[in-house]
Amino acid sequence: MKTLVVFYSRTGNTKKVAQKIIQSINSDSEEIFDASNIFDSLGYLRYCKEAILKELPRIKKTKKDPSKYDLVVIGTPIWVYTLSSPIRTYLEKNKNKFKKVAFFCTQGASGAPEAFKEMQRICRQKPLALLTLLTEEVRNKKNTKKVAQFTKKLKQNCV
């Protein structure tokens, strides 16, 4: 089964998780980049506003067509109890191209259930698997077991 892991990562935490998943399931990958890539405190405030208002910022053009994949695994950080606005843009642009999906997120404290519900609503399908990791788990490298369980579900559902 051909798989694509798509992710956005502002601080690098979501990217670390994505890399573990990519390596475990031997998939292709696509990192999403915000077209403006503002990393100062004003950029942070802008991202929070976009998340709260569910805005769709411009993202850089992607290279891989998700319709060419049997499964697309989508990763996002949680911003203000919801998914990141760059991933929301990606999902909206590609919502009719997904055959099967799975979701993962990194978060400081909470928000994953709401984010996953919104991702499911946009994609119009139930994910094969979900993975939520706290920022602390990513930074302390205490996520190996959770990532392994997630990738095991992906492999079982993709046979």
For Val101 and Cys123 the tightest heavy-atom approach is CG1-SG, 4.4 Å
Does any part of the side chain of Thr106, heavy atoms only, come nearer than 4.5 Å to the side chain of Lys16, both counted from C-beta? no
Considering all heavy atoms, the nearest Tyr8-Asp34 contact: CE1-N, 4.0 Å
What do you reckon, is NZ of Lys99 surrounded by more than 12 foreign heavy atoms closer than 6.0 Å? yes
Approximate separation, where rounding is to 0.5 Å, of Glu92 CD and Ile87 CD1: 12.5 Å
For Leu154 against Ala129, the heavy-atom pair lying closest together: CD2-CB, 4.0 Å
With Thr82, the side chain to side chain contact (heavy atoms under 4.5 Å, CB included) member among Met119, Glu114, Glu118: Glu118
Just wondering, are more than 12 heavy atoms of other shown residues or ligands nearer than 6.0 Å to NZ in Lys64? yes
Please give me the minimum heavy-atom distance between Phe116 and Thr132, naming the atom from each residue. CE1-OG1, 3.3 Å
For residues Phe104 and Val5, determine if any side-chain heavy atom of one lies less than 4.5 Å from a side-chain heavy atom of the other. yes
For the side chain of Asp70 and the backbone of Lys2, is there at least one donor-acceptor N/O pair under 3.5 Å apart? yes
Should the ring pair Phe98 and Tyr90 be called parallel, tilted or perpendicular, given that the plane angle runs from 0 to 90° and is split at 30 and 60? tilted
Note, Lys155 side chain near Ile25 side chain (heavy atom, < 4.5 Å): yes
Let me confirm one number: the CD-CG distance from Gln107 to Leu83, rounded to the nearest 0.5 Å. 12.5 Å
So which atom in Ala112 and which in Cys105 form the shortest heavy-atom distance, rounded to 0.1 Å? CB-SG, 3.5 Å
For the CD atom on Gln19, are there more than 12 heavy atoms of other groups (residues, nucleotides or ligands in this structure) within a distance under 6.0 Å? yes
Roughly how far, to the nearest 0.5 Å, is CZ of Arg121 from NZ of Lys95? 8.0 Å
Close side-chain approach of Asn94 to Val72, heavy-atom, < 4.5 Å: no
Do Ile122 and Ile74 share a hydrophobic cluster (ILVMFWY, side-chain heavy atoms under 4.5 Å, transitive)? yes
Any side-chain to backbone donor/acceptor pair from Ser24 onto Lys20? Under 3.5 Å, distance only. no
Sub-3.5 Å donor-acceptor pair from the side chain of Glu30 to the main-chain atoms of Lys63, do we have one? yes
Val147 and Leu133: side chain to side chain contact (heavy atoms under 4.5 Å, CB included), yes or no, with the steps? CA-CA 9 Å; Val147 172; Leu133 291 170; 4.1 Å; yes
Taking the side chain as every heavy atom from C-beta outward, state whether Phe7 and Glu31 have any atom pair closer than 4.5 Å. yes
Within the structure provided, determine whether Arg139 and Asn13 are in side-chain contact (heavy-atom separation under 4.5 Å). yes
Is it the case that over 12 heavy atoms from other parts of the model lie below 6.0 angstrom from the NZ atom of Lys68? no
Close side-chain approach of Thr76 to Ile32, heavy-atom, < 4.5 Å: no
Between Ala115 and Ile78, which heavy-atom pair has the shortest distance, and what is it? CB-CD1, 3.4 Å
Member of Val6, Thr3, Ile21, Ile22 meeting the side chain to side chain contact (heavy atoms under 4.5 Å, CB included) criterion with Ser29: Ile22
CD/Gln23: more than 12 non-hydrogen atoms of other groups inside 6.0 Å: no
Should Arg124 and Asn96 count as side-chain neighbours, where that means a heavy-atom distance under 4.5 Å? yes
